Amino acid sequence: MNIDLFKYILRLSVIPMLFLSLLLITHGTDDGINIANVIGFVLLIISGTIIINYAKNNKDEESK
């Protein structure tokens, strides 16, 4: 049974990554964009990509 450890860790860290990205996006003042907001957006994009890829792969496996 060969488990790809990196993919497994990414799947486990998706929900905490989403919460962290939302906290970082809302961090700071309303005046401008700082580095925490940028990191939050990057984490949001990464976690969204992981969720979409997992859903696509899971749908492909069910149709077989």
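Here the structure is a predicted model, which means the values were calculated and not measured.
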Pair L44-M17, side chain to side chain contact (heavy atoms under 4.5 Å, CB included): steps then yes or no: CA-CA 7 Å; L44 186 65; M17 195 183 316; over 6 Å; no
Evaluate the criterion side chain to side chain contact (heavy atoms under 4.5 Å, CB included) for residue pair I39 and I25; output intermediate values, then yes/no. CA-CA 8 Å; I39 293 172; I25 288 171; over 6 Å; no
Hey, any chance [X] and [Y] share a hydrophobic cluster, counting ILVMFWY side chains that come within less than 4.5 Å of each other, even indirectly?
| X | Y | value |
| --- | --- | --- |
| I15 | F41 | yes |
| L22 | I45 | no |
| Y54 | I9 | no |

Is I51 close to L18 at the side-chain level, that is, under 4.5 Å between some pair of heavy atoms? yes
Closest approach of G40 and S21, non-hydrogen atoms and distance? O-CB, 3.2 Å
So, taking the atom named CD1 in I46 and the one named CG in L43, what distance separates them when rounded to the nearest 0.5 Å? 5.5 Å
Look up atom OH in Y8 and atom OG in S13, then write down how far apart they are to the nearest 0.5 Å. 11.5 Å
Is atom CD1 of I33 surrounded by more than 12 heavy atoms (other residues, nucleotides or ligands) closer than 6.0 Å? no
Examine distances only and state if a side-chain atom of N53 and a backbone atom of K56 form a donor-acceptor pair shorter than 3.5 Å. no
